[in-house]
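Residue numbers start from 1 in every chain, and the chains themselves are labelled A, B, ... in the order their sequence lines are given, proteins ahead of strands.
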Amino acid sequence: MPKDDKKPPFFFDDAGLVNAGLGDGFDMPDAGRTGLDPVEACLGPGIRVGSSKVKAGYYLPRDVLERLDETYLTLRLRKVPVESKSQLVEIALGLLQADLERGKKSMVLREITS
Amino acid sequence: MMRTIAVAIAKGGVGKTTTSVNLGAALAAMGRRVLLVDCDSQDQVVRFLGVRSQVRAGLSHFLVARTAEERNSAVLEARENLWVLAGGVGLTELKRWLGKQSKSDTILKERLVPREGALDYVIYDCAPGWDILSVNILCAVDEVLSPVALQAPALQGLQAFLTYIQSVQKLNPELRLRYLVPTMFDKRLKQSRSYLAQLQKAFPAQVCEPIRSNVKLSEAAGLGRTIFEVDPEASGAEDYEALAWRVDQDA
């Protein structure tokens, strides 16, 4: 049986390590927290049956998704209190609908019909 | 050269964890340095080995660690030459997170990279079923060892699992089904003998000597010990030792 006072093994160095503090691990789950709720683990924090928000899935080019990640991280770095990437998408959709209401002057309409 | 082996098949209850733990223990007893990676939210590997789980340890913690020190602390020592990255419910959350990443299929391959010469084997004990973590594991390994219970549902499960392997080979061309390990073999049963013969005919190169049904195997798991510690004379100990020799000879 192992002894409790042993030092951890030295199997891993920095190879493949997430960039400290930033990088693509920015919104990773806190794997070390205790009392993890099994339902929350599956559905995500705050996403439960009866929630006003639902997870939507659309096909988007990878570079668009990467730009969204980058925008989110950049805003966080600038201390802008953005909650999540979902919040950014929600705001963008609101702007899109407002633009469409401008009728012929709509930039979105022009983009789609050009 | 370090070998990476996934003990995997989508069918549950065929002896994946029993095989991972006892194969790992046998290789460790042969002097090989083995890391067992528990990829199941049931977190059974630590229980099978009687290792006390720790809060900031395990695969999910390892994958999100920010420093090498944190990563190494996520590894638990189970026996001499045998270490464990535990599973647990955190893996469920990890899978959800994996699903949101752009390169979600290769995150494990990119992050679980031991130092050169630190380990001889990394053995992934896969969960039943098929999900994004299964794909990550099969992208991170070169070899698959599939335990197959000598019963009709398990053989049907193997057929389905072979199609999964073929699909992952598009992402990981090195991936090979290297070993098929018949488990729960009872030579008194015609069905058992018949299924073993079918397997041997269909997969002559992959099929290993069968692991005989042996109550000592489940007793050992319940006691948090390996079959070699509970009864080294048991048929289960003999069979897993033979499997370890076969696997190691292929190095």
Side-chain angles (χ1 to χ4, degrees), chain A residues 1-48 55-70 72-73 84-86 89, chain B residues 33 35 41 49-52 54-80 82-85 88-103 107-116 118-119 122 224-225 229:
Chain A
M1 291 290 157
K3 292 175 191 166
D4 287 340
D5 57 350
K6 279 203 171 178
K7 284 183 183 172
F10 181 41
F11 293 152
F12 300 97
D13 51 24
D14 291 346
L17 195 63
V18 181
N19 294 336
L22 282 175
D24 58 354
F26 195 68
D27 59 351
M28 280 178 167
D30 176 4
R33 77 176 189 266
T34 53
L36 184 61
D37 178 66
V39 175
E40 188 182 317
C42 287
L43 302 180
I47 301 174
R48 292 171 180 279
K55 187 165 176 63
Y58 295 96
Y59 288 96
L60 291 169
R62 280 184 189 272
D63 64 309
V64 172
L65 286 173
E66 281 166 10
R67 283 203 322 261
L68 175 63
D69 287 344
E70 200 180 315
Y72 171 69
L73 292 173
S84 60
K85 284 178 267 187
S86 299
V89 173
Chain B
R33 293 166 65 81
L35 175 63
S41 57
L49 285 166
V51 177
R52 197 171 51 190
Q54 291 172 20
V55 174
R56 291 204 169 265
L59 178 59
S60 52
H61 185 67
F62 176 91
L63 289 178
V64 303
R66 308 287 187 188
T67 64
E69 191 185 355
E70 273 181 39
R71 294 171 136 199
N72 289 308
S73 297
V75 180
L76 301 172
E77 185 186 7
R79 301 287 188 279
E80 188 179 2
L82 183 64
W83 292 267
V84 173
L85 266 174
V89 74
L91 292 180
T92 312
E93 194 178 39
L94 184 81
K95 288 180 208 176
R96 189 170 51 75
W97 175 82
L98 280 171
K100 291 190 283 185
Q101 306 310 302
S102 54
K103 289 181 181 172
I107 285 176
L108 196 56
K109 180 184 179 142
E110 287 164 8
R111 296 195 181 168
L112 208 156
V113 186
R115 290 188 307 116
E116 184 82 35
L119 290 163
V122 177
R225 298 163 75 188
E229 293 161 344

**Test: R115(B) cationic atom under 6.0 Å from F10(A) six-membered ring centre, within 45° of axis** = yes
**Message:** Below 4.5 Å, heavy-atom pairs only: which of A118(B), G88(B), S41(B) has the largest tally toward chain A?
**Reply:**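 Most pairs with chain A among the choices: A118(B).
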**Request:** Quick one: pull up CG in L35(B) and CZ in F11(A) and give me the separation to the nearest 0.5 Å.
**Result:**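 Answer for the CG-CZ pair, L35(B) versus F11(A), is 6.5 Å.
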**Item:** D14(A) CG to R71(B) CZ distance, which is reported to the nearest 0.5 Å
**Value:**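 Reported to 0.5 Å precision, the distance equals 7.5 Å.
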**Message:** Could you work out, with side-chain hydrogen bond (donor to acceptor under 3.5 Å, both in side chains) as the rule, every residue matching N72(B), not counting sequence neighbours?
**Reply:**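 Expected list: none.
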**Prompt:** chain A heavy atoms under 4.5 Å from L112(B): which part of the residue, side chain, backbone, both or neither?
**Reply:**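 Backbone plus side chain of L112(B), per the 4.5 Å heavy-atom cut-off to chain A.
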**Message:** Testing the basics here: between A68(B) and F12(A), what is the closest heavy-atom pair and its distance to 0.1 Å?
**Reply:**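 Nearest heavy atoms, A68(B) then F12(A): CB-O, 3.7 Å.
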